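These notes concern the structure reproduced below.
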Amino acid sequence: VPFLVVKRVDGDDAIIDAGGVRKQVSLALVPEAREGDYVIVHVGYAISRLDPDEALRTLALFAGMESSAA
Amino acid sequence: MRYVDEFRDGDLARVLADRIARAAEPGRHYRFMEFCGGHTHAISRYGVTDLLPAAIEMVHGPGCPVCVLPIGRIDSAIALASAHGAILCTYADTMRVPASERSSLMKAKAAGADVRMVYSAADALRIAREQPAREVVFFAIGFETTTPPTAIAILEAERTGLANFSVFCNHVVTPAAIANILESPQVRDIGTVPLDGFVGPAHVSCVIGSQPYEYFAAEYAKPVVIAGFEPLDVMQAVLMLVAQVNEGRHEVENEFARAVTREGNARAKALVAEVFELRRSFEWRGLGEVPYSALRIKTKYGRFDAEKRYGIAYRPVADNKACECGAILRGAKRPQDCKVFGTVCTPENPLGSCMVSSEGACAAYYTYGRFRNREAA
């Protein structure tokens, strides 16, 4: 599941939160991530920052509100 | 938005199921392979199979990093900890993968070998720093998602002159494996199911982007839709695949646009390119030798390569005869087709690798679907 970036700490690391569970991961691969962003984390490293606009577009696709792929 | 509940909505799932059923052409059967073990797990866990119309068949692919590790590689990892006396750091999933002579890393640890479970490659580096008198080897496995962190660990060891750290590299690459499913001689010998399209991996694609599948889709004339790991993502991808098949298209489409771009993660790709290069060939459990399907550490960083440091020579070992993992990994058989599934082979005591990881097809069936399958059979 995607994690919320709560707080950047020393170096590349950040505290992340998923439904109340917090842990420290590295943002070395996604240095553009900011507090308040959601990131996908794999083996202790964020690998992608979620794009909220694209997410809304995909949700609209589910509901059949768009005819073609986002 | 927390990017979770919205993508698991039951009402929307039924809307999507209805649209898939209406899109499927009468009398036509659609077989789609979800390459990635994360999708296999999601499909079983959320009962996606039950929602899909009978015309749609989901075939499980080999994208489970633990499942495709051949026995010989686990044997070498055990030897690093037992015969060579190193501290072997490994992801938890590999601990119970069956090795030769009914051994495993777990059993080797019980017998006194110094095997330690780590959450990330950075933990292995930390152990090496804390124990300068010991040799520390990181047992690096996985697809394109776990490779960049291994590259970071090697670069950090280089930067800080950490001489007691090395990496036993078993990283594999996704596009070569997908192509192999369709064309390898082994597959022709043992048989496989005809496939109409692929659900492309979620996390792997975050790193490599959607671009690497374009050659594959064009060359093999098979549609690929990259999908997220939530149940609605998978269903939307199926709908998009059905549309492509109906229209005779074979393109790469991206359902997971909230996390995947065409280029992927440029920083991660650059780190991997700096440290690793392709091997000419690598053995996969289930697929056999697959050309240019795995990575090794470049000579420039050779002093951190455990295979060189300890002179590891690869020795292939045949799987247990009763185990159908090979055919299951290619999608040629289903878990319930295996005689030892759920009897001799269980998640508590796995005989084959597909029963070990939660991403393995057998473990997913055992956990979420075995009773339904029994009734259906």
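Keep in mind that this is a model prediction, so the values were computed, not measured. The chains referred to below are lettered A, B, ... by the order of the sequence lines, with proteins before strands, and numbering in each begins at 1.
Between Phe62(A) and Val15(B), the shortest heavy-atom distance links the atoms O-CG1, 4.4 Å. When all heavy atoms are compared, the tightest approach of Tyr3(B) to Leu50(A) is CG-CD1, 3.5 Å.
We find the CG-CE distance between Leu56(A) and Met1(B) to be 4.0 Å, quoted to the nearest 0.5 Å.
Sparse packing is recorded around CZ of Arg2(B), with 12 or fewer heavy atoms of other residues, nucleotides or ligands lying under 6.0 Å away.
For the set Val225(B), Leu16(B), Val118(B), the entry with the most heavy-atom pairs within less than 4.5 Å of chain A is Leu16(B). For chain A, the option among Val207(B), Val4(B), Asp11(B), Ile152(B) with the highest count of heavy-atom pairs below 4.5 Å is Ile152(B). When the candidates Ala259(B), Ala202(B), Gly264(B) are compared by the number of heavy-atom contacts under 4.5 Å with chain A, Ala259(B) comes out ahead. Per-residue counts of heavy-atom pairs under 4.5 Å with chain A were compared for Thr261(B), Thr145(B), Thr146(B); the largest is that of Thr145(B).
Inspection of non-hydrogen atoms places Val1(A), Pro2(A) of residues 1-13 of chain A under 4.5 Å from chain B. Scanning residues 40-49 of chain A against chain B with a 4.5 Å non-hydrogen threshold yields Ile40(A), Val41(A), His42(A), Val43(A), Gly44(A), Tyr45(A), Ile47(A), Ser48(A), Arg49(A), sorted by number. By a heavy-atom distance cut of under 4.5 Å, Glu230(B), Leu232(B), Asp233(B), Gln236(B) are the residues of residues 229-238 of chain B near chain A, going up by number. Listed in order of number, the residues of residues 25-32 of chain A that approach chain B to under 4.5 Å between heavy atoms are Ala28(A), Leu29(A), Val30(A), Pro31(A).
Using a 4.5 Å cut-off between heavy atoms, Leu271(B) contacts chain A through its side chain alone, with no backbone atom that close.
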